[in-house]
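First the structure, in the form of structure tokens, and then the observations on it.
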Amino acid sequence: MKYVMVEYAGSERPGVLDGDAVLLLDATDLTEVIAGPAEVVDKIPYSEGILRAPLRRFRRDILCTGWNYWDHFEESKGKREGQDVDRPEHPTFFTKGPDVVIGPYDDIAWDPAISAKWDYEAEVALVIGKTGKNIPVDEALGHVWGYTLANDVSQRDLQRAHGGQWLKGKSIDDTMPLGPWIVTADEVGDPQDIHLECLVNDEVRQDASTRQMAFDVATLISELSFGMTLRPGDLLLTGTPAGIGNAREPQVFLQDGDVIVTRSDKLGSLRNRVARV
């Protein structure tokens, strides 16, 4: 099933995609739906233009994974401005502020006064559906409610300027497209069999499979939950593959008017224009 948030009658409503229609649910948002069952209360025509970000209300910051494709880790060696590290033996986690989220077709709020090095990062994201702590690897996928797409648009100069930690360079408001829907875990099947691409102005910049992950989805959930409770509605980005602008020769950063497409064979596509604010 594909769960969506749509604009209807002047407000955002949760629903289920049903062919050329959306079945509206008796809930405030998908965070509420994830936490418990919801009933269908109406049926409306579907069009791409009514889609909104599937999640906006979070109980904590957005959870993220860095360096989770070894080709991405290797491509950036020598380009981290003195902040290189050895290949990690465990997943690398960080967070993003929740106000980064925009819808699947919204503009990315680009401001050259904030950063001169705006970069793209296509990612598969997962949504936790079951509370857990110290989750064994072999039980981890049972805690996933569904999967969606994100683009972790980053400001590389801010990322380097604050001690090498990534929060500031990953948390600029209105810069992370999310969606277009959440596909339930049963429909996705094996999360290590998802094709992921990022295009900028119709040029393929990233092209990978989740099979290439350094740490698979089950391992990420298990490691993140070690001593730390994960709860329904938590969003975890699982890392980006090689091809980022910062690692190219010469480097290529996003500019006003660029169009970014983030797409997957199983999860749909995002299309977002970079727009000066």
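Remark: Asp99 engages Asp173 in a side chain to side chain contact (heavy atoms under 4.5 Å, CB included) (not counting sequence neighbours). Pro180 is linked by a side chain to side chain contact (heavy atoms under 4.5 Å, CB included) to Leu51, Pro104, Tyr105, Leu270, counting only residues two or more places apart in sequence or in another chain. In this structure Lys96 satisfies the side-chain hydrogen bond (donor to acceptor under 3.5 Å, both in side chains) test together with Asp152, sequence neighbours excluded. Not counting sequence neighbours, Asp86 has no partner by the side-chain hydrogen bond (donor to acceptor under 3.5 Å, both in side chains) test. For Thr219, the side-chain hydrogen bond (donor to acceptor under 3.5 Å, both in side chains) partners are Asp216, not counting sequence neighbours. Every side chain to side chain contact (heavy atoms under 4.5 Å, CB included) that Asp106 has, sequence neighbours left out, goes to Arg56, Ile102. Residues passing the side-chain hydrogen bond (donor to acceptor under 3.5 Å, both in side chains) test with Thr184 are Asp186, sequence neighbours excluded. For Arg231, the side chain to side chain contact (heavy atoms under 4.5 Å, CB included) test picks out Arg59, Thr131, Thr229, Asp234, with sequence neighbours left out.
Although no hydrogens or angles enter the test, the distance criterion places a donor-acceptor pair under 3.5 Å between the side chain of Ser171 and the main chain of Leu167. Looking only at distances, no side-chain donor or acceptor of Glu203 sits under 3.5 Å from a matching main-chain atom of Val200. A donor-acceptor pair under 3.5 Å links the side-chain atoms of Tyr120 to the main chain of Gly243, judged by distance alone. With Asn201 contributing its side chain and Val259 its backbone, the two residues share a donor-acceptor pair below 3.5 Å. Side chain of Ser225 to backbone of Ile135: a donor-acceptor contact under 3.5 angstrom is found. Checked by atom type and distance alone, the side chain of Asp256 pairs as donor or acceptor with a backbone atom of Arg276 at under 3.5 Å. The backbone N or O of Gly227 sits less than 3.5 Å from a side-chain atom of Asn134, completing a donor-acceptor pair. Side chain of Asp42 to main chain of Leu24: no donor-acceptor pair is present (N/O by atom type, distance under 3.5 Å, no hydrogens or angles). Asp190 places a side-chain N or O within 3.5 Å of a backbone atom of Gln192 that can act as its donor or acceptor partner. At distances below 3.5 Å, at least one donor-acceptor pair connects side-chain atoms of Asn272 with backbone N or O atoms of Gly103.
The closest side-chain heavy-atom distance from Asn246 to Arg160 is below 4.5 Å. The shortest side-chain heavy-atom distance between Thr238 and Tyr147 does not fall under the 4.5 Å cut-off. Using a 4.5 Å heavy-atom threshold, the side chains of Val101 and Ile62 count as touching. Side-chain contact between Glu74 and Arg87 is present, with at least one heavy-atom pair separated by less than 4.5 Å. Counting heavy atoms from C-beta on, the side chains of Glu121 and Lys170 come closer than 4.5 Å. Leu224 is not listed as a side-chain neighbour of Pro91, based on a closest heavy-atom distance of 4.5 Å or more. In this structure the side chain of Glu187 reaches within 4.5 angstrom of the side chain of Lys2, judged on heavy atoms. Within the 4.5 Å cutoff, the side chain of Thr148 has heavy atoms near those of the Pro54 side chain.
Sorted by first then second residue, the salt bridge (charged side-chain N to carboxylate O under 4.0 Å, His left out) pairs that include residues 20-33, not counting sequence neighbours, are Asp29-Arg57. Sorted by first and then second residue, the pairs that involve residues 211-230 and meet ring pair (Phe, Tyr, Trp, His ring centres under 6.0 Å), not counting sequence neighbours, are Trp70-Phe215. Applying the ring pair (Phe, Tyr, Trp, His ring centres under 6.0 Å) definition to pairs two or more places apart or across chains, none involves residues 249-273.
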Open item on the list: For a side chain to side chain contact (heavy atoms under 4.5 Å, CB included) check, start with the C-alpha distance between Met228 and Leu63, then their side-chain angles and the critical distance, and finish with the verdict.
Closed with: CA-CA 12 Å; Met228 172 181 160; Leu63 306 167; 4.0 Å; yes

- [ ] Determine, stepwise, if the pair Leu267 / Val124 fulfils side chain to side chain contact (heavy atoms under 4.5 Å, CB included).
- [x] CA-CA 9 Å; Leu267 303 176; Val124 172; 4.0 Å; yes

Open item on the list: Apply side chain to side chain contact (heavy atoms under 4.5 Å, CB included) to residues Leu149 and Leu178 and explain how you reach the verdict.
Closed with: CA-CA 6 Å; Leu149 288 173; Leu178 185 70; over 6 Å; no

TODO: Could you give me the CA-CA distance, side-chain angles and deciding distance for Val100 and Val153, then say whether side chain to side chain contact (heavy atoms under 4.5 Å, CB included) is met?
DONE: CA-CA 9 Å; Val100 297; Val153 173; over 6 Å; no

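Neither side chain, Ser154 nor Asp119, offers a donor N or O lying under 3.5 Å from an acceptor on the other. Side-chain atoms of Thr240 and Gln206 form a donor-acceptor pair, as typed in the model, at a separation below 3.5 Å.
How far CD1 of Ile114 is from CD1 of Ile172: 5.0 Å, rounded to the nearest 0.5 Å. Summarising the geometry, atom CD belonging to Glu123 is positioned 8.5 Å from atom CG belonging to Leu196; distances are rounded to the nearest 0.5 Å. Atoms OG1 and CG, from Thr175 and Leu254 in turn, are 11.0 Å apart once rounded to the nearest 0.5 Å. Rounding to the nearest 0.5 Å gives a distance of 7.5 Å between SG of Cys64 and CG of Leu235. Note: Lys266 NZ to Thr210 OG1 = 7.5 Å, rounded to the nearest 0.5 Å. Rounding to the nearest 0.5 angstrom, the gap separating the NE2 atom in His72 from the CD1 atom in Ile244 is 4.5 Å.
Under the 4.5 Å side-chain contact rule for hydrophobic residues, Ile128 and Phe58 do not share a cluster. Ile182 and Val4 are members of different hydrophobic clusters when ILVMFWY side chains are connected at heavy-atom separations under 4.5 Å.
Ring orientation note: the planes of Trp110 and Trp118 are tilted relative to one another, at an angle of 30° to 60°. Note: Tyr3 and Trp145 have tilted aromatic rings, judged against thresholds of 30 and 60 degrees for the angle between ring planes.
Within 6.0 Å of CD in Glu39 there are 12 or fewer heavy atoms belonging to other residues, nucleotides or ligands.
Val217 and Pro191 get closest at one heavy-atom pair: CG2-CB, 3.9 Å.
The existence of a salt bridge linking Arg205 and Glu75 is excluded, since no basic side-chain nitrogen approaches an acidic carboxylate oxygen closer than 4.0 Å.
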Between side-chain atoms of residues 6-18 and protein atoms elsewhere (two or more places apart, or another chain), which donor-acceptor pairs fall under 3.5 Å?
none

